[in-house]
Amino acid sequence: MTSLSVEMLAADVPESITSAGHAQLGIAVLAGIAVIVLLITKFKLHAFLALTIGSLALGAFAGAPLDKVITSFSAGLGSTVAGVGVLIALGAILGKMLADSGGADQIVDTILARAKGRTMPWAMVLIASVIGLPLFFEVGVVLLIPVVLIVAKRGNYSLMRIGIPALAGLSVMHGLVPPHPGPLVAIDAIDANLGVTLALGVLIAIPTVIIAGPVFSKYAARWVDVPAPDRMIPQRPSEDLEKRPGFGPTLATILLPVVLMLARALVEIVIDDPESGVQRVFNVIGSPMIALLASVLVGIFTLVLPAGYDKSRISQLVEKGLGPIAGILLIVGAGGGFKQTLIDSGVGQMILDISADWAIPALLLGWLIAVAIRLATGSATVATISAAGLVAPLAADMSTTHAALLVLAIGAGSVFFSHVNDAGFWLVKEYFGLTVGQTIKTWSVMETIISVVAGALVLLLSLVI
């Protein structure tokens, strides 16, 4: 949530907005989302511009003066970038270090050396899940595709038997586990506890990735039996390196931020005393920014220097890691602006008023909204941002665990049935040399399984915690 409360901001919104009828606000929401969907799908406009224009359209349809809409949008954008921008940047740097130093390849090769025959799909899902913790989905795909193709080719495995587990591992991490942008934005919007969300996200991710990965890959391999395309086997990042970091230090570096954030959540549960010195220490070292910063600094000594990088090359590596995330930061920021425009226009209160008479649980509502926006826009990040903004008011009276589960429900819905309007769909299709139909029967079905299984597990957990 933004640092200013909804009540304080509502004081600056004209009476015609705050007291607008539910019908007008409902139409405004649908119109704003329709504008975003149309601009992304029909006119192929960048999601940042689409979210910006959609926010202005929402405010206009809600009857708000445009100067107030611009103020709301700017406040939401600034607050969101302030909340998650540094985390996304640190995650990108860590991912770049992991890829360019050969650390990712070291983990891949070490695990594959111990996997044979029937254990290979399980090895692939383990590799993808570990590698996927600090990497953005697209980066993880590009990094792991050469491994998938080489393993399938040399081991004479079905491409789907090896590829689906790897894709499932990456996708589950992307949708459910911070510090990926989607979960981070939802945590910020709903004001959920990051440590609790991380712990529950990992708990839900394990059975989800098993079902969508190694288990589903058996059926996917029967439905689509294709060989690994020779033309798509690219050079691996570490092939030009004379040396690369060890397996143990690399794994420790990747898991360090996760361990620190989980330790903070555990200490808060066990001690539960904000004045305790121990808890205050863990509040600092387990904060997302410090945890990721520590991992980046440790990575310089465990990943980059062992790969033979000098000081100047380290600086260049960091700069290259930050470049590709400009678009992601702008999309996330614009999504925060859209969320704040929803709240300041009175949509949040409208959702509260209407949902009071609904029999549908808030967690299911969050999942359904994310599914609808995902199907329409093709973007998991846009779906997460928009759904979090719409259902954030419902989290006000939730317990810490249920607020975290709401984040995960939205994340689960955001990966539902990737199809032709999703860049990831075409990335998988081209790398694996599939037809559109084959991609739907494998990749799209896998994404749907992840969404449904994770969503069901969220609802089940909500009944017991």
Side-chain angles (χ1 to χ4, degrees), residues 84 87-88 91 95 125-126 128-141 164-190 192-213 216 254-255 257-258 261-262 265 288 332 363-364 366-371 373-374 379-385 387-388 391 395 400-418 422 424 446-462 465:
V84 302
L87 306 183
I88 293 173
V125 81
L126 176 61
S129 298
V130 172
I131 298 296
L133 276 172
L135 293 178
F136 297 131
F137 177 79
E138 291 80 3
V139 178
V141 169
I164 288 295
L167 294 172
L170 289 174
S171 188
V172 169
M173 294 297 112
H174 172 70
L176 298 178
V177 181
H180 286 279
L184 280 178
V185 172
I187 288 168
D188 182 66
I190 292 171
N193 182 288
L194 189 142
V196 173
T197 307
L198 175 60
L200 293 176
V202 171
L203 181 64
I204 290 171
I206 292 172
T208 301
V209 80
I210 289 173
I211 295 170
F216 172 65
I254 294 173
L255 296 179
V258 177
M261 286 188 279
L262 287 177
V332 167
L363 299 180
L364 181 57
W367 185 85
L368 288 171
I369 292 174
V371 165
I373 298 173
R374 160 69 160 182
S379 171
T381 302
V382 172
T384 301
I385 291 168
V391 302
T400 301
T401 52
H402 277 237
L405 288 174
L406 181 58
V407 170
L408 298 174
I410 292 169
S414 75
V415 298
F416 188 88
F417 194 75
S418 164
D422 177 18
M446 182 207 77
E447 288 282 86
T448 304
I449 292 171
I450 291 172
S451 180
V452 172
V453 171
L457 290 173
V458 166
L459 291 175
L460 286 174
L461 272 180
S462 70
I465 61 174

**Q** Atom OG in Ser451, atom CG in Leu176: separation rounded to 0.5 Å?
**A** 9.0 Å
**Q** Looking only at heavy atoms, what is the nearest atom pair of Ala166 and Ala128, with distance?
**A** O-CB, 3.1 Å
**Q** Measure across Val415 and Gly175 and return the closest heavy-atom pair with its distance rounded to 0.1 Å.
**A** CG1-CA, 4.3 Å
**Q** Backbone N or O of Ile465 within a donor-acceptor pair of the His402 side chain at under 3.5 Å?
**A** yes
**Q** How far does OG1 of Thr384 sit from CZ of Arg374, to the nearest 0.5 angstrom?
**A** 9.0 Å
**Q** Return the minimal non-hydrogen interatomic distance between Pro178 and Pro183, and the atom names on each side.
**A** N-CB, 3.9 Å
**Q** Between Ala383 and Ala370, what is the shortest heavy-atom contact and its length?
**A** CB-O, 3.5 Å
**Q** Which value, rounded to the nearest 0.5 Å, describes the distance between Thr381 atom OG1 and Ile373 atom CD1?
**A** 12.5 Å
**Q** State the CG-OG1 distance between Leu408 and Thr197, to the nearest 0.5 angstrom.
**A** 6.0 Å
**Q** Nearest 0.5 Å, please: how far is CG in Leu200 from CG in Leu405?
**A** 5.5 Å
**Q** Please report the shortest heavy-atom distance between Val391 and Gly366, naming the atom on each side.
**A** CG1-CA, 4.0 Å
**Q** Quick one: does Thr448's side chain have a donor or acceptor within less than 3.5 Å of a partner on Phe416's backbone?
**A** no
**Q** Please walk me through it: do Ile210 and Val125 pass side chain to side chain contact (heavy atoms under 4.5 Å, CB included)?
**A** CA-CA 8 Å; Ile210 289 173; Val125 81; 6.0 Å; no
**Q** Minimum heavy-atom separation for Ala387 and Ile410, please, with both atom names.
**A** CB-CG2, 3.9 Å
**Q** Check whether Ser171 reaches the backbone of Leu167 with its side chain - one donor and one acceptor, N or O, closer than 3.5 Å.
**A** no
**Q** Return the CD1 to CG distance between Ile190 and Leu406, rounded to the nearest 0.5 Å.
**A** 4.0 Å
**Q** Determine, step by step, whether Leu194 and Leu184 satisfy the side chain to side chain contact (heavy atoms under 4.5 Å, CB included) criterion, reporting the C-alpha distance in whole Å, the side-chain angles of both residues, the deciding distance to 0.1 Å, and the verdict.
**A** CA-CA 8 Å; Leu194 189 142; Leu184 280 178; 3.7 Å; yes
**Q** Any side-chain heavy-atom pair from Val177 and Val258 closer than 4.5 angstrom?
**A** no
